[in-house]
Amino acid sequence: MSLLEVRSVTKAFGSLVAVNDVSLSVAPGELRAIIGPNGAGKTTFFNLITGFFPPTSGHILLDGKDITEVAAVDRVGMGMARTFQITEIFPELTVRENIRVAVESQAGLRLRPWINRRQTAEVDDKIDEMLVATRLTEQADRLVGELSHGDQRSAEIAMALALKPRILLLDEPTAGMGEQETFQVAGLIRRLHKHTGYTIVLIEHDMRVVFNLADRIMVLTEGTLLAEGTPDEIAANPAVQAAYLGTAE
Amino acid sequence: MSETTIPAMADRTQQRNWLPLAAIWLVLITVPIWLPYVGGYNALASRVLVFGLAAMGLNLLLGFTGTMSFGHAAYFGLGAYGAGFVLRYWIHSTPLAMLAAILLGTAAGALFGALMAKRTGIYFAMLTIAFAQICYYVAYSWNSVTGGYDGLRGFQRAPLHFGPYIVNIRDNGVLFYYFVLAVFAICTGLMAMLLRSPLGRSFIAIRENPRRTRFLGIPVERHVWISFTISAFFTSVAGGLYALLNNFADPTALFYVISGNIVIMAVMGGMRSFWGPLIGAAVFVTLQDYISSMTVNWMSFIGMIFVAVVLFFPRGLLGFIGRRRRA
Amino acid sequence: MSALEAEGLNTFYGKSHILFDVSLKVEEGMITTLLGRNGAGKTTTLRSLVGLTMPRTGSVKIFGEDSSRQPPYRAAKRGVGYVPEGRKIFAHLTVEDNLRVPLERPGPWTIERVFQTFPRLAERRTNKGRQLSGGEQEMLSIARALLLNPKVLILDEPSQGLAPLIVKDVFRMVEQAKADGMSVLLVEQNVRASLEIADYAYVLDHGVMSWSGTAADLVKDEERIQALAGASAEEWSFDDDLSTKEAEAFSHQPSTVA
Amino acid sequence: MLTLVLFNVTNGLILGMFYVLMALGVSLILNLSNVINFAHGNFLALGGYLTFVLEPYLGYWGALLAGPICVGIIGLIIERTAIRRVYDRDPVYSLLLTFGLAFIIQDLCRTIWGPNGLPLSIPNALNSPLSQQFFFITGYRIFLIAVVIVAVAALFGFLTYTRVGTRIRAGTFDIETVSALGINIGLLRSLNFAVGIFLAGLAGVLAGGQIGLNPNMGDDLLLPAFIAIIVGGVGSLTGTLVGGLVIGVASAVTSIWWPAGSEVIMYILMIVVLLVRPRGIMGEEGVMT
Amino acid sequence: MESTPTPGVGRRTLIKSGVALGAMSLAGPAIIQARGETPVKLGWIDPLTGSLSALAQSEVEGAKYAVSVLNKKNGILGRPIELLVEDSANDVGTGVAKARKLIDRDHVNMIFGDVNSGIAYAIEGVTNEKKIFHIVPGGHTDEITGKDCKWNVFRICNTTSMDANAVTGELIKHYGKRWYFITPDYAYGHTLQAAFIRALKKHGGEYQAAMMPIAASDFSATLIKARAYKPNVLLNNMGGLAQIDCMKQFVQFGMNKQMGLGGALYELESIKAVPPVAQTGWWDMEWWWNQPNVPEAVAFVKAFRAATGKTPSARHWFGWVAIHTAKMAAEKAKSLEAIKLARATEGMELPPDVALQPGKVFYRAGDHQLMPNIFVGQVHPPKGDDNVFTVADAVPGASIWPLADTGCHMAYPA
C-alpha cells in the first residue's frame with residue numbers, strides 16, 4: 001500500500017487553475033522527485049499535500065486515511081513534515097534553539113509553561129542527535145540567520161527530522177545554493193533516505209540531485225502531469241526535454 | 001517583524017551575565033532609601049512598578065509573540081475593578097482582591113482572545129481596541145455597580161495578615177511599595193520561567209516565523225490565544241495593584257489611551273528585551289510626573305521624547321544597550 | 001558605449017551572500033540573455049541592476065552614467081524598462097489604469113499604441129488585472145514597461161508559466177523591441193528559445209558568472225546547454241558512510257521500511 | 001417614532017460625513033505608507049485653528065481652503081523630516097512616533113490658542129435651519145455635506161483619473177513595482193500624506209464651524225475613523241466611505257433609545273462585521289493585513 | 001495661556017524643583033521646620049489639560065492672584081505662601097498620584113482641588129488618610145459635603161442641589177413645567193438632575209431626560225429627541241466644552257425660538273465661548289462680578305483686571321476664597337495642623353473683602369459647605385465688557401439647602 005496517495009486533486013485560484021487533476025502515489029521508503037519548469041504548479045501541489053490550503057477538488061490520503069479536511073498543523077502530528085522553497089527558519093535564534101522548538105513540539109511539550117531537568121536533558125539529547133545527523137554540531141550555537149545557505153537548509157531539515165515524520169516533503173532543498181552546498185544538502189538527503197528508509201518527496205530543479213537521488217520522478221507542466229517514471233525513463237522522454245529547454249523552432 | 005532582534009531564549013539567558021540582573025533588583029529593593037534624595041516618593045515608585053508590570057505583561061504578546069494589542073487597558077482596568085469590587089462590596093482582604101483582579105482580567109482576556117485569535121495584523125489590533133472600549137463603556141454606564149464615570153470609590157486596601165503578624169500596607173507607603181515589589185517579583189519570575197519553557201519558546205517561534213511554527217505542529221492561533229491570555233493575566237495583576245495603589249478604580253483605566261501608553265512604554269523601553277518595558281515605564285511615568293509639575297506643557301515634552309526615541313533609539317532604550325553588549 | 005554595464009556586483013540578502021563579483025554588459029541595440037539554473041542569482045542580478053536590491057559593492061552604469069546605489073526610479077528615468085518576474089501587475093486596477101502607472105518618458109509608445117499593438121489588451125481595457133489570463137498579464141507587464149519608452153528593456157522570465165503559443169508571442173515582442181532600437185536583457189529558463197533570438201549570452205551559476213560569449217557560440221555548446229538544464233546527470237559519488245555517532249542518531253529515527 | 005428614526009438616519013448620514021472625511025485621510029496614509037496616523041485628529045484641530053487665524057485676512061471662503069492647505073504643508077514637512085523614517089520599520093514605531101506628534105500638536109494648540117475653545121464664525125447665510133420640519137438640517141449642515149461630497153468626489157476623481165492618483169492606488173498594492181516603473185515613491189508618499197492631512201484640515205474647518213475649535217476636537221473622531229476603515233475593509237477607499245456612513249447612521253439611530261450607547265455601538269458593529277466578514281465590508285483578500 | 005512662574009508665587013521652575021528638593025532632603029528636617037522664612041506650602045490639583053481645563057485654569061489664576069496679594073501682606077502666619085500647582089489631566093489616577101506626591105514629597109500643608117468632582121472625591125481619600133486639610137474649590141457633587149462628608153474637607157462651590165433649588169422657581173415662572181434635560185453621565189450630572197427633578201415635582205412638572213457622555217461633542221441626535229418632546233425649557237446640565245458644543249447646536253437648529261434654555265451653571269468662561277444667540281436663558285452664577293452696590297466687589301474686580309487683564313469669574317473667586325480660607329483658618333487656629341484648621345474653619349464667616357457679596361457668607365459647621373448667595377438671573381449677549389448676566393435675585397444658600405437634607409454625619413478621628 002502506498003504511504004501517501006493523492007487522488008486527482010485540482011486547485012483553482014479564481015480563474016487560474018494551478019493544479020489540474022493530478023494524482024500521485026508514494027510507496028513507503030520511496031524517494032520521489034517532482035520536477036517541472038517554473039510556474040508548473042509544483043509548489044501548489046506540495047501545499048495541497050501539506051494542507052497549506054484545501055484543494056478545489058480531489059482527495060489526499062495518508063496511510064490509507066483521508067486527510068483532505070485535516071488542518072496543516074494536525075497533519076504534522078500525523079507524521080508529515082516539510083521544508084519550504086525559501087528557507088523558513090527562526091533566523092534570530094541559534095541552531096540549537098531552532099531545533100529545540102521542533103523537538104519540544106514533537107515531545108508533546110508545546111503547551112508546557114515549565115520544564116523539568118530530566119525533560120530538558122532528554123530534549124538536549126535529541127537536539128544533539130539532530131545536530132549530529134545533519135552535521136551541524138559545530139554551528140549549534142550560532143544564529144541560524146548568520147549561517148551559510150546550505151547550513152540553513154540543513155537546519156531546516158533537522159527541524160523537520162526532529163518531528164520524527166513518516167514522510168518528509170522537501171520543496172527545492174537546493175534552491176539558491178552553491179555547488180558545494182548543493183552537494184552537502186543532497187548528501188544529507190541521501191543519507192537520510194539510505195540509512196533510515198525515510199519516505200521523501202522532493203521538488204527539485206537541479207537534475208543532478210534528482211537523478212542521483214530519486215527512485216521515481218513525476219513531471220508537471222502547466223499544472224498537469226506530463227510524465228512519470230524512473231530517472232532513466234524520464235531522461236529519455238522527449239516531451240520532458242522540450243518542457244525544460246524549450247524548443248528551438 | 002523584520003527587525004533583527006535580540007532573542008531571549010534559554011540557551012543564552014543561562015549564560016547571561018547575572019550582573020545587570022542583580023543591579024536591577026538592587027535598585028528596586030533599595031528604592032525607599034534613595035528615592036527621597038532624587039525628589040521621588042513612594043507612590044511614584046509603586047506606580048512605576050505597576051505600569052512596568054503591565055507593560056512587561058503586554059510585551060509577552062507584543063515583543064515575544066509578535067502580536068499587537070491596542071486593548072490591554074481592558075485587562076488592566078478589569079483588574080482594577082476586580083480588586084475594587086472585592087474591597088468595596090465584599091471583604092477587606094488584599095489577597096482576595098488580587099485574586100478577583102486576576103480572575104476578572106484573565107477571564108476577559110481568555111474570552112476576547114478566543115474571539116480574536118483567527119484575525120491578524122491590523123484587524124487583530126482593532127478588535128483588541130473594540131473589546132477594550134466596550135469594557136470602558138460598560139464601566140462608564142453601569143453606575144449602580146461601577147460608580148460610572150466617577151469611578152468605584154470608598155474602599156481601601158487591607159493590611160496583610162500572616163498569622164499573628166500584620167503588615168500594614170494600608171497606611172504605610174513603604175510597606176505597600178514592598179508589597180507591590182513582591183508581587184512584581186513573583187510575576188517577573190513567572191515570566192522568565194515561561195520564556196524558558198517550551199510554551200514560551202513556541203511564542204518566540206511564532207514571532208520569528210508563524211508559518212514555520214505551524215509546520216512544526218504548533219497550532220499558531222491557539223498559542224497566540226494562550227499568549228494573549230497569559231499577557232492579560234499579568235496586566236490584570238498590574239491593574240489590581242493599581243486599584244490598591246489609588247484605593248480607587250475608574251473607567252479611565254479601561255480607556256484606549258491607557259492601552260496606548262502601555263504599548264508605548266514597551267516600545268520605548270525596547271520590546272525585544274525582557275526588562276525593556278520596565279525601563280520604558282520608569283521613563284514614561286517619572287517624566288510625566290516631574291514635567292507635569294513644572295510646566296503645563298508637559299505633553300510637548302513627552303511627545304518629543306517619543307519622537308526622539310523613534311528617530312535615535314531604533315530599538316528602544318534598552319534595546320540599544322543590549323545591542324551594543326552583544327556586538 | 002554599453003547600454004548597461006555592471007561591474008563586480010556583490011549582493012546580499014540579510015546575511016546570505018547571493019552574487020559574487022558579477023559583471024555583465026548589455027550592448028546597445030542587442031539582445032543579451034542571462035541564463036542559469038533556478039536559484040543561480042539571475043533575478044537578484046536584475047534587481048541589483050535596477051536598484052530594487054542594493055548591491056553591497058560594485059557599480060552599475062546606464063549608458064555610461066554611474067547609477068550605483070540609486071533608487072529604482074532613477075534607473076527607469078534613464079530609460080531602463082523592467083518586466084519583473086511573475087509579472088507583478090496591479091491586480092486590483094483595470095488594464096488601462098495599469099498602463100497609466102509608469103513614468104511618461106517621451107517616445108513612440110503611448111497607451112493608444114499599446115492598444116493597437118496588443119488588441120487583446122484593448123478588448124480587456126476595463127477588466128481588472130486579476131481577471132486576465134497569464135498570457136494577458138505578461139503582455140500587460142511588457143506593455144507597461146514599454147510605456148516608459150525605455151532604451152533598455154529588462155525581462156525576467158517572461159515565458160514562465162505560459163502556454164507555448166503565448167511564449168512565441170512573447171519572444172516576438174522581444175525581437176520587435178530590438179527592431180525598434182531597444183537594447184534587451186533577457187533572463188530565461190527557456191534556453192533554446194532565448195538563444196534563438198539573443199546576440200550575447202551570459203551564464204550565471206551559484207551567483208558566479210561562469211560563462212559569457214555570443215549566443216551563437218553557446219548554441220553550439222550542446223553539453224553546456226544540457227548542463228544548464230541539469231539534464232545530463234553526472235554520477236555523484238556520495239560519502240554515505242556514517243560515523244558511529246551519526247549511525248546512532250539515525251537509528252533513533254522512525255523507519256517506514258522496517 | 002418613524003419621523004424620529006428618519007430624522008436620525010439623516011442626521012447619522014451627516015455625522016458619517018465627518019467620519020468619512022477623517023477616515024479617508026487616515027486610510028490613504030495607511031494604505032500607501034503603512035502608517036497608522038494617531039496624530040490625525042490633531043492635524044484636524046490644527047487645520048481648524050489655522051483657518052481661524054487666516055479668516056481675518058482671507059475671509060471665510062479663502063480661509064476655508066487656505067487653512068487645510070497650510071496644515072497639509074505642515075504635514076508634508078513632518079512627513080519629510082520624521083515620518084518617512086519609520087516606513088520600513090515595524091508599525092509599532094509609527095505608532096510611537098505619531099502618538100508623540102499628537103501630544104506635541106495638541107499641546108501647541110492649547111498653548112497658542114488657549115484651552116477654552118474658540119468660535120469659528122461662519123457666514124450668517126449658513127447659520128439657520130432651512131425648514132421648520134427638518135430643523136436639524138441647517139444651512140451650514142447642507143453646506144457641510146456639499147463640501148464633503150465635493151471633497152470626496154475630488155479625491156476619488158484624483159485617484160481615478162489622474163496618473164498620480166492611479167500610481168497611489170497601484171502603490172497600495174505593490175509599492176516596489178511602482179518604483180521600478182520610474183515613480184519616485186518617496187515623493188508619492190509625501191504627496192499622499194499631504195493629501196490625507198489636507199482632508200483632516202478640511203474636516204477641522206467644518207467641525208470648527210459646527211462645534212467650535214478646541215485643542216481636543218479631533219480626539220472624538222479618531223477612533224470612529226479607524227472603525228470606519230476596518231468596517232469598510234482595509235485597503236478599499238470605497239469601503240472607508242461606506243464604513244463611515246454606516247457607523248454614522250448606526251450611532252445616530254442608537255442614540256434614539258440609548259444616547260450613551262452612541263459610541264459603543266460602533267465597536268459592537270465593528271466586532272459583528274469582522275466576525276461575519278473577516279476583512280470588512282469591501283476588504284479584499286491579499287490587500288494588506 | 002500663562003505658564004511661566006511668577007516670582008513668589010511658586011510654580012517651580014524646572015531646575016529649581018530638582019536641585020532644591022535634593023538639597024532640602026540632604027539637609028534634613030532642620031531647614032524645613034525653620035520658622036519665619038519657610039513658606040507655607042499649598043498644593044493645588046486641577047485638570048489643567050482636558051475638557052475642563054478652562055475652568056481649572058481660572059481657578060488657579062484666582063488662587064495665584066490671592067497668593068500674590070497675601071504675600072504682600074505677611075502671607076500666612078507671617079510666612080510666605082508657596083503655591084504648588086499640579087495637573088490632574090482630568091484623570092483620577094493622575095489626580096491621586098499628584099495628591100500623594102504633594103503630600104509625601106513636597107510636604108504641603110494643605111491640598112486644594114479638583115474641578116472634576118470624581119477626582120476631588122478621590123483626592124479626599126488620600127487627604128483623609130494622611131490627615132491633611134483639604135479644600136474643594138470647584139467640584140459640585142452633593143456627596144462631598146453630603147453623605148460622604150469628611151472632617152478634613154471643606155467646599156467652596158455650591159452643591160448641585162443648592163444650584164438646582166435656587167433656579168427652579170425662576171425657570172417655571174418664565175418658561176413652564178415641561179422640561180427636557182441633557183445631563184452628563186457622571187456624579188455631578190446625576191445629582192444635579194435628581195435635584196432638579198425633586199424641585200420640579202414639588203411644582204407638579206413633567207420631564208424627559210437624556211444622559212450624555214461627559215465629553216460628548218455631537219448633540220444633534222439628542223436635540224432631535226428633545227424637540228420631539230416639545231418641552232417648555234431645555235436644561236443644559238453639561239459642563240465645560242460639552243456645554244458649549246450643545247449650546248451652539250441648539251441655536252443652529254433654531255431651537256432657541258421654540259423653547260427656553262436654562263439650567264444650573266453657565267459659567268462666564270463658557271458664555272464667552274459661544275456665539276451671541278446662544279447667550280441666553282435663566283441660570284445660576286455662583287458668584288458674579290458685576291455688583292455695583294458692593295464696594296468690596298467693585299474694588300476687587302478693578303484690581304484683578306489691572307493685574308491680569310481679565311474679568312474675574314466665579315472660578316477666579318473660588319481660587320481667591322480658597323487661599324483666603326487657608327490664611328484665615330491658619331491664623332485662627334494658630335497652627336497648620338489639620339484638625340485644628342478644620343475646627344477653626346467650621347462656622348467661620350468670610351469678611352466682606354473676601355466674600356465680595358452682600359450678606360453672611362460662612363462655612364456651615366455641620367457639613368463644611370460654604371454658604372454664599374446664589375445669583376439667579378438671565379444670560380444675555382454682552383452689554384459692555386463681559387456684562388452678559390443680569391442678576392434677578394441673590395438667594396442665600398442656607399435658605400434652600402438645610403443641613404438636614406445633606407445627609408452628612410461629621411465624624412472627627414478620636
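The chains referred to below are lettered A, B, ... by the order of the sequence lines, with proteins before strands, and numbering in each begins at 1.
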Among the listed options V307(B), L115(B), V310(B), the residue most often paired with chain D at heavy-atom distances under 4.5 Å: V310(B)
Option among L76(D), I168(D), L28(D) that satisfies the side chain to side chain contact (heavy atoms under 4.5 Å, CB included) test with V195(D): L28(D)
Segment of V264(D) engaging chain B (4.5 angstrom heavy-atom cut-off): both
At a heavy-atom separation under 4.5 Å, does I268(D) approach chain B through its side chain, its backbone, both, or neither? both
Mark yes or no: R89(D) above the aromatic ring of Y93(D), with NZ or CZ under 6.0 Å from the six-membered ring centre and no more than 45 degrees from the axis. yes
Indicate every side-chain donor-acceptor pair of residues 238-246 of chain D with a distance under 3.5 Å to a residue at least two apart or in another chain.
unit_1: T240(D); atom_1: OG1; unit_2: S27(D); atom_2: OG; d: 3.1
unit_1: T240(D); atom_1: OG1; unit_2: S236(D); atom_2: O; d: 3.1

Taken to the nearest 0.5 Å, the spacing of M22(D) CE from H40(D) NE2 works out to 5.5 Å
Show, in sequence, the C-alpha distance, side-chain angles and deciding distance for F70(B) and F38(D), and conclude whether the side chain to side chain contact (heavy atoms under 4.5 Å, CB included) test is met. CA-CA 12 Å; F70(B) 283 154; F38(D) 266 87; 4.2 Å; yes
For chain B, the option from I229(D), L95(D), L101(D) that forms the most heavy-atom pairs under 4.5 Å: L95(D)
Taking it one step at a time, do M191(B) and L53(B) satisfy side chain to side chain contact (heavy atoms under 4.5 Å, CB included)? CA-CA 10 Å; M191(B) 279 184 214; L53(B) 180 57; 3.8 Å; yes
Just do the side chain to side chain contact (heavy atoms under 4.5 Å, CB included) check on T98(D) and I36(D) with the steps written out, would you? CA-CA 8 Å; T98(D) 55; I36(D) 299 177; over 6 Å; no
F226(D) vs Y256(B), test: ring-ring contact (aromatic ring centres under 6.0 Å, His included). Steps then yes/no. CA-CA 13 Å; F226(D) 290 156; Y256(B) 78 96; 8.7 Å; no
Which region of F306(B), side chain (C-beta onward) or backbone (N, CA, C, O), has a non-hydrogen atom less than 4.5 Å from a non-hydrogen atom of chain D, or is it both or neither? both
Between Y136(B) and chain D, which part of the residue has a heavy atom less than 4.5 Å away: side chain, backbone, both or neither? neither
N-O pairing of E221(B) and R214(B) below 4.0 Å: yes
I need the contact set between residues 138-147 of chain B and chain D: heavy-atom distance under 4.5 Å, sorted by residue number. none
